[in-house]
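Below you'll find the structure, written out as structure tokens, and then a few comments.
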Amino acid sequence: MNDYRGKFVTPEQAARAVQDGDWVDYGFGGGFPELMDKALAGRRGELKNVKIRGGLVIRPRIEVVEQDQEQTSFSYYSWHIGDYERKLQTRGLCQFIPMILRNLPQLYRRHIRVDAAFVPVSPPDDRGYCGLGISNYAWRTIFEQARTVVFEINERLPRLQGVDGSHRVHLSEADYIVEGEHEPLPVRSYKQASAIDEAIARHVLREIPDGAVLSLGVGGVPFTVAKMIAQSDLQDLGCHTGTISDAFLALYKAGKLTNRRKEEDTGRSVWNLAMGSQELYDWLEAEPELFRPADVDCVHSPERMGRMSNFISINGGVQLDLMGQENAESAGTRQLSGTGGQLDFLEGAYRSPGGKGFICINSARTDKTGKLRSNIVAAIPGGSTVSAPRTLVQYAATEYGVVKLSGLSLRERAEAMISVAHPDFRQELAQYAQEHF
């Protein structure tokens, strides 16, 4: 296990391993191979047709993109569009690849190629073991398929390795190891909750029992729900979520997050990514025994969720139609985010005894011209994505209430959706339903 001493090189030396035509993986979320990105960008003009994959990037800059805007050497592909990638997309510098997160490991094992993996890891312990920081992702699957594996030691990453090694790698597993000074970890904050966010959250809160296991999406409504739970009488809540955020830290501070009643991973919060404040990252560092960070195969498994009682999944969306179909990710053909793990957690909630999956949206929005438009539509418009089929959307929530769709006919679904639509649009939606259902 000590045969890694000679693998330490400079980022520039490690970047020499990338060849023309290679696929290079940068990972997902807040974990980002900052040093290797700069080093690879330094080979602009020398390399040809190198394709980089990443997703949900929340840092403000990807060097291989910004230093090669003509795309003479590099092109960038995203599994899930984040705020910065949305701007790159507008500039023609980012291509989107659709996927469902739980299928990602099988994509890498069976269907797509990876030549080089740039893996951010925490500082090693005295035995050479590192943690995967704030982005477990599908890293083990990816680097086991790669020709060249580079571990980038980031001194700012939390050092947790998972209580059973679920978040652990060893330096001997890399072909090259690089280290150096890094920028502060990227943080993500939440806007002040609107009155509509609070109204939706109050409706959802009434549906959550003591001992529930929570999966909270990253967004205003899930965070508002967490803040309301923190002030409620609910007890002994659990965490099994794709992304752990400050929402769960708020629950922990309020004494609500104990994981005591979970049938799986009792006593521990399970997650795949961490995204939030520096205080969140410090919590992971200070109390590693509270967490079981794990890969996508584990965290996004509907079968695993189904073995837990009262599994509650709360996510936001863009549009819902009268049949219960949901668009979570696009405005027409313009990609806003991605499917991510939403389908995984909706299915997990369906399988769980007492489980509930919620799609939470504002009933309406005001467009750029100041006109009010309904987010509950007769049918998801052509060009827009159906992220979740009508067969998987169990509960829909707006500021006007919560409706349960599972088990309803098309006509009954339409009536339920109209009841939580904005009043200004209910008549025209009802007319459509009468004509078509």
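With salt bridges taken as basic N to acidic carboxylate O contacts below 4.0 Å, one links Lys253 and Glu279. Arg147 has a carboxylate O that lies under 4.0 Å from a charged side-chain N of Asp22, or vice versa, which qualifies the two as a salt bridge. Salt-bridge annotation for Arg411 and Glu415: present, with a side-chain N of the basic residue lying under 4.0 Å from a carboxylate O of the acidic one.
A donor-acceptor pair is defined here as one N or O able to donate and one able to accept, closer than 3.5 Å; no such pair exists between the side chain of Ser301 and the backbone of Cys298. Under a 3.5 Å cut-off, the side chain of Ser387 and the backbone N or O of Thr339 do not form any donor-acceptor pair. No donor-acceptor pair under 3.5 Å is formed between the side chain of Gln325 and the backbone N or O of Val386. Using modelled atom types, one side-chain atom of Ser194 and one backbone atom of Asp197 make a donor-acceptor pair closer than 3.5 Å. With hydrogens and angles ignored, the 3.5 Å screen pairs a side-chain donor or acceptor of Thr398 with a backbone N or O of Val420. Put simply, the side chain of Arg413 gets close to the backbone of Arg390: a donor and an acceptor are under 3.5 Å apart. Listed for the Glu34 side chain is a donor-acceptor partner under 3.5 Å among the backbone atoms of Glu183. With His436 contributing its side chain and Tyr432 its backbone, the two residues share a donor-acceptor pair below 3.5 Å.
In summary, the side chains of Glu399 and Ser363 do present a donor paired with an acceptor at a separation below 3.5 Å, with no hydrogens or angles considered. A donor-acceptor contact under 3.5 angstrom links the side chains of Glu85 and Tyr76, judged on distance only. Between the side chains of His111 and Gln106, no donor-acceptor pair of N or O atoms lies under 3.5 Å.
In this structure Asp115 satisfies the side chain to side chain donor-acceptor pair (under 3.5 Å) test together with Arg113, sequence neighbours excluded. Partners of Arg168 under the side chain to side chain donor-acceptor pair (under 3.5 Å) rule, at least two apart in sequence or in another chain, are Gln161. Evaluation of the salt bridge (Lys or Arg N to Asp or Glu O under 4.0 Å) rule for Glu347 yields Arg102, Arg351 as partners, not counting sequence neighbours. Applying the salt bridge (Lys or Arg N to Asp or Glu O under 4.0 Å) rule to Asp83 yields the partners Arg86; only residues at least two apart in sequence or on another chain are considered. Applying the salt bridge (Lys or Arg N to Asp or Glu O under 4.0 Å) criterion to Arg156, with sequence neighbours excluded, gives no partner residue. Residues meeting the side chain to side chain donor-acceptor pair (under 3.5 Å) test with Glu289, sequence neighbours left out: none. The ring-ring contact (aromatic ring centres under 6.0 Å, His included) search around Trp79 returns none, not counting sequence neighbours. Under the salt bridge (Lys or Arg N to Asp or Glu O under 4.0 Å) criterion, Glu198 pairs with no residue, sequence neighbours left out. For Glu263, the side chain to side chain donor-acceptor pair (under 3.5 Å) criterion is met by Ser309, not counting sequence neighbours.
The aromatic rings of Phe345 and Phe311 sit parallel, their planes meeting at an angle under 30°, below the 60° perpendicular limit. Aromatic ring orientation, Tyr137 versus Phe28: parallel (interplanar angle below 30°, classes split at 30° and 60°).
Nearest heavy atoms, Arg53 versus Trp23: NH1-CE3, 3.4 Å. Residues Ala421 and Ile376 come closest through the heavy atom pair CA-CD1, 3.7 Å. In terms of heavy atoms, Pro186 sits closest to Ile58 at CB-CG1, 3.7 Å. Heavy atoms only, all atoms of each residue included: Ser409 and Glu412 are closest at N-OE1, 2.9 Å. The two atoms that bring Val318 and Ile361 nearest to each other are N-CG2, 4.2 Å, heavy atoms only. Taking all atoms of both residues into account, the shortest heavy-atom contact from Ser269 to Cys239 is OG-CB, 3.5 Å.
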Exercise for the section: Go through the steps for Phe358 and Val225 under the test side chain to side chain contact (heavy atoms under 4.5 Å, CB included), then give the verdict. Expected result: CA-CA 12 Å; Phe358 295 91; Val225 169; over 6 Å; no
Problem - Check against salt bridge (Lys or Arg N to Asp or Glu O under 4.0 Å), Arg268 and Asp164 - result: CA-CA 12 Å; Arg268 296 192 173 94; Asp164 57 356; over 6 Å; no
Practice task
Show your reasoning for whether salt bridge (Lys or Arg N to Asp or Glu O under 4.0 Å) applies to Arg140 and Asp295.
Solution key: CA-CA 8 Å; Arg140 177 157 294 283; Asp295 66 17; over 6 Å; no
Exercise for the section: Could you give me the CA-CA distance, side-chain angles and deciding distance for Asp265 and Arg304, then say whether salt bridge (Lys or Arg N to Asp or Glu O under 4.0 Å) is met? Expected result: CA-CA 10 Å; Asp265 303 299; Arg304 195 177 189 90; 3.2 Å; yes
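Among residue pairs with one or both ends in residues 234-251, those qualifying as salt bridge (Lys or Arg N to Asp or Glu O under 4.0 Å) are Asp236-Arg260, Asp236-Arg261; sequence neighbours excluded. Judged as a ring-ring contact (aromatic ring centres under 6.0 Å, His included), the pairs with a partner in residues 144-167 (not counting sequence neighbours) are, in order, Phe143-Phe151, His167-Trp271. Among residue pairs with one or both ends in residues 332-342, none qualify as salt bridge (Lys or Arg N to Asp or Glu O under 4.0 Å); sequence neighbours excluded.
The number of heavy-atom neighbours closer than 6.0 Å to CD of Glu303, taken from other residues, nucleotides and ligands shown, is above 12.
Taking OG from Ser313 and CG from Asp344, the interatomic distance works out to 9.5 Å, rounded to the nearest 0.5 Å. Here Lys256 contributes atom NZ and Ile229 contributes atom CD1; the two are 9.5 Å apart, rounded to the nearest 0.5 Å. Atom-to-atom distance recorded for Ser78:OG and Ile62:CD1 is 8.0 Å, nearest 0.5 angstrom. In this structure, the separation between CG on Leu88 and CZ on Arg61 is 10.0 Å, given to the nearest 0.5 Å.
Counting only heavy atoms from C-beta outward, the side chains of Leu185 and Asn154 approach each other to under 4.5 Å. Tyr400 is listed as a side-chain neighbour of Arg426, based on a closest heavy-atom distance under 4.5 Å. Inter-residue side-chain proximity for Val187 and Tyr281 is flagged as met; some heavy-atom pair is nearer than 4.5 Å. With a 4.5 Å cut-off on side-chain heavy atoms, Gln278 and Pro184 do not count as touching. Proximity of Thr224 to Val221: side-chain heavy atoms (C-beta onward) are nowhere separated by under 4.5 Å. Between Tyr26 and Leu40, the closest side-chain pair of non-hydrogen atoms falls below 4.5 Å. With contacts defined as side-chain heavy-atom distances shorter than 4.5 Å, the pair Val150/Val119 does not qualify. Side-chain contact check for Pro293 versus Val299: every heavy-atom pair is 4.5 Å or farther apart.
With Gln335 as the partner, the side chain to side chain donor-acceptor pair (under 3.5 Å) test is satisfied by one option alone out of Gln95, Gln89, Glu329, His80: Glu329.
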